[in-house]
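The next block holds one structure in the form of structure tokens; read it before the comments.
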Amino acid sequence: MDFQSIALPSELRYLANAGANIESFLIYPKQILKKINSYLRGVKLNNMILTIDVGNTRIKGAVFENDTLIEQFHTEPRAMQNAIESILLKYPNASDLVVANVGNFDKNDFLAFSNRIAIHFVSHSDTFPFLNAYATPNTLGIDRMVLAAGATLRYPNQNRLIIDAGTCVTYDFISQDDVYLGGAISPGLRLRYQSLHNFTASLPLLDSECPDYFIGNSTANSIHSGVVNGLAHEIDGFIEEYQSRYPNFIIILTGGDAEFLAKRLKNTIFANSNFLLESLNQTFQYKIKND
Ligand SMILES: Nc1ncnc2c1ncn2[C@@H]1O[C@H](COP(=O)(O)OP(=O)(O)O)[C@@H](O)[C@H]1O
Ligand SMILES: CC(C)(COP(=O)(O)O)[C@@H](O)C(=O)NCCC(=O)O
Ligand SMILES: [K+]
């Protein structure tokens, strides 16, 4: 049998063009099977992908049809299984569930769905599109790796800074030659409010509020100014510091507090709260094409 005589998907046609025949199967069986396997997995990707980001505060999820986000949700940890259950009922064709977990979740809570959908936990040993220069790569947060992968794939050939304002604020820098350099971790907005309350005798726990003043003239206003203006100054200062080292880079601002903070920053930065979920989808597609 000759490859020329059967209908080949375009991805495999190069084998036929290269004159591949049954002998090549015998000589290069592993390479060819790997190619077929990756093609079939690529076909499967046309189905729906469910992505889940387990942060330290909230669980966020989204359904993608190829590159298009068609539905998103968030849930408290204790309601997670119900949320997945209803998404699977709504999208029974979803083929893969991709999880990035930096929270306290047990894998078994996801594996309970493994008879309905293929489950993938993003891990340090996955294939990522950047070179990791972090001195402790095995302790680098999976969420930061996924953000870095998404930024590398979406914004090629440029320096990128990702600021994720979640439970913690993380700063991640990937150079234009696709080397992940690291960044910084600081307390997030809510964590700052909570710390002031938890570690003092008399400061109240306040809900976040955007101050239109700098000088706080009451306890509450002093806290709002310290937390919100303080975090905005931190972010502005970090951006300036990166600017003094790298002339050009793009900034991606994401996380639960991204929109709240964007209007307080000196630079005009558009918040994309879905960047981690979008990056999870892209990272998964990248992994299955490159494994
Ligand atoms: N319903 C909510 N519950 C908790 N935090 C919320 C909520 N809505 C917005 N936030 C803000 O989102 C931040 C957490 O962001 P998120 O990206 O979800 O964190 P993580 O990824 O670490 O779980 C908190 O600092 C808080 O100010
Ligand atoms: C820094 C983080 C706690 C941020 O978590 P998040 O705010 O997204 O819930 C997480 O990325 C993490 O656990 N990192 C491990 C340490 C490191 O990245 O070096
Ligand atoms: K974060």
Side-chain angles (χ1 to χ4, degrees), residues 51-62 69 72-80 83 98-105 109 121-126 128 130 132-151 160-174 180-198 205-211 223-224 226-232 234-235 238 251-265 269 271-280 283:
T51 57
I52 295 194
D53 155 31
V54 184
N56 285 288
T57 300
R58 286 190 305 165
I59 295 165
K60 282 79 61 187
L69 190 158
Q72 66 186 113
F73 60 94
H74 53 80
T75 167
E76 300 302 320
R78 61 195 144 77
M80 189 199 68
V98 189
V99 184
N101 181 8
V102 294
N104 265 331
F105 251 90
D109 292 325
F121 297 99
V122 183
S123 84
H124 291 98
S125 56
D126 284 351
F128 288 91
F130 55 81
N132 196 344
Y134 211 53
T136 58
N138 292 327
T139 68
L140 176 59
I142 286 293
D143 55 344
R144 300 177 69 191
M145 295 185 80
V146 172
L147 290 170
R160 313 98 173 158
L161 171 65
I162 309 147
I163 304 169
D164 183 342
T167 311
C168 301
V169 180
T170 50
Y171 300 83
D172 294 294
F173 198 85
I174 308 106
Y180 175 83
L181 302 180
I185 302 170
S186 76
L189 190 79
R190 182 105 204 100
L191 194 51
R192 292 178 196 219
Y193 278 107
Q194 283 168 331
S195 310
L196 290 178
H197 173 64
N198 290 345
L205 178 61
L206 303 179
D207 287 332
S208 48
E209 203 177 285
C210 224
I223 292 175
H224 291 309
V227 170
V228 181
N229 292 331
L231 180 50
E234 173 190 300
I235 295 175
F238 268 68
I251 304 172
I252 298 144
L253 176 63
T254 190
D257 293 312
E259 281 182 33
F260 179 86
L261 289 165
K263 45 187 180 289
R264 308 291 314 168
L265 301 179
I269 306 170
N272 177 0
S273 307
N274 293 327
F275 192 76
L276 183 45
L277 292 167
E278 289 166 4
S279 299
L280 255 179
T283 307

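Each ligand, and each atom within it, is numbered from 1 in the order the structure gives.
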Solution key, residues 141-149 side-chain donor-acceptor pairs under 3.5 Å, sequence neighbours excluded:
from : atom 1 : to   : atom 2 : distance (Å)
R144 : NE     : D172 : OD1    : 2.7
R144 : NH1    : Y134 : OH     : 3.1
R144 : NH2    : Y171 : O      : 3.2
R144 : NH2    : D172 : OD1    : 2.9
R144 : NH2    : Y180 : OH     : 3.3

Problem - Whether S273 side chain and G256 backbone form a donor-acceptor pair below 3.5 Å - result: no
Exercise for the section: Verify, without hydrogens or angle tests, whether R190 (side chain) and S208 (backbone) share a donor-acceptor contact under 3.5 angstrom. Expected result: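 Judged by distance alone, no pair lies under 3.5 Å.
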Completion exercise
Counting only non-hydrogen atoms and a 4.0 Å cut-off, the residues near ligand 1 are G55, N56, T57, R58, K60, G166, T167, R190, G255, G256, D257
Identify the closest protein heavy atom to [atom]: which residue and atom is it, and at what distance?
| atom | result |
| --- | --- |
| atom 7 (O) of ligand 2 | C168 N, 2.9 Å |
| atom 19 (O) of ligand 2 | Y134 OH, 2.6 Å |
| atom 3 (C) of ligand 2 | N56 ND2, 3.6 Å |
| atom 12 (C) of ligand 2 | G141 CA, 4.0 Å |

What heavy-atom pair brings [X] and [Y] nearest, and what distance separates the two atoms?
| X | Y | result |
| --- | --- | --- |
| I59 | P77 | CD1-CA, 3.5 Å |
| F275 | A151 | CZ-N, 3.6 Å |
| I185 | C168 | CG2-CB, 4.0 Å |
| A184 | F238 | CB-CE2, 3.4 Å |

Exercise for the section: Nearest heavy atom to atom 17 (C) of ligand 2 wins, so pick from T170, I142, T139. Expected result: T139
Practice task
Just go through V169, D143, V102 and tell me whose heavy atom is the nearest to atom 4 (C) of ligand 2.
Solution key: D143
Problem - Set of salt bridge (Lys or Arg N to Asp or Glu O under 4.0 Å) partners for D257, sequence neighbours left out - result: none
Exercise for the section: Apply salt bridge (Lys or Arg N to Asp or Glu O under 4.0 Å) to E234 and list each qualifying residue two or more places apart in sequence or on a separate chain. Expected result: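 Per chain and number, E234 pairs via salt bridge (Lys or Arg N to Asp or Glu O under 4.0 Å) with R192.
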Exercise for the section: Enumerate the atoms of ligand 2 whose separation from the nearest heavy atom of T167 is less than 4.0 angstrom. Expected result: 7 (O), 9 (O)
Exercise for the section: Within a distance under 4.0 Å of any heavy atom of L140, pick out the atoms of ligand 2 and give their elements. Expected result: 17 (C), 18 (O), 19 (O)
Problem - Angle in degrees, rounded to 10°, that O of C168 and O of D164 form at the K ion (ligand 3) - result: 60°
Handout entry: More than 12 heavy atoms from other groups under 6.0 Å of CG on N198
Key =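 Atom CG in N198 is crowded, with more than 12 foreign heavy atoms closer than 6.0 Å.
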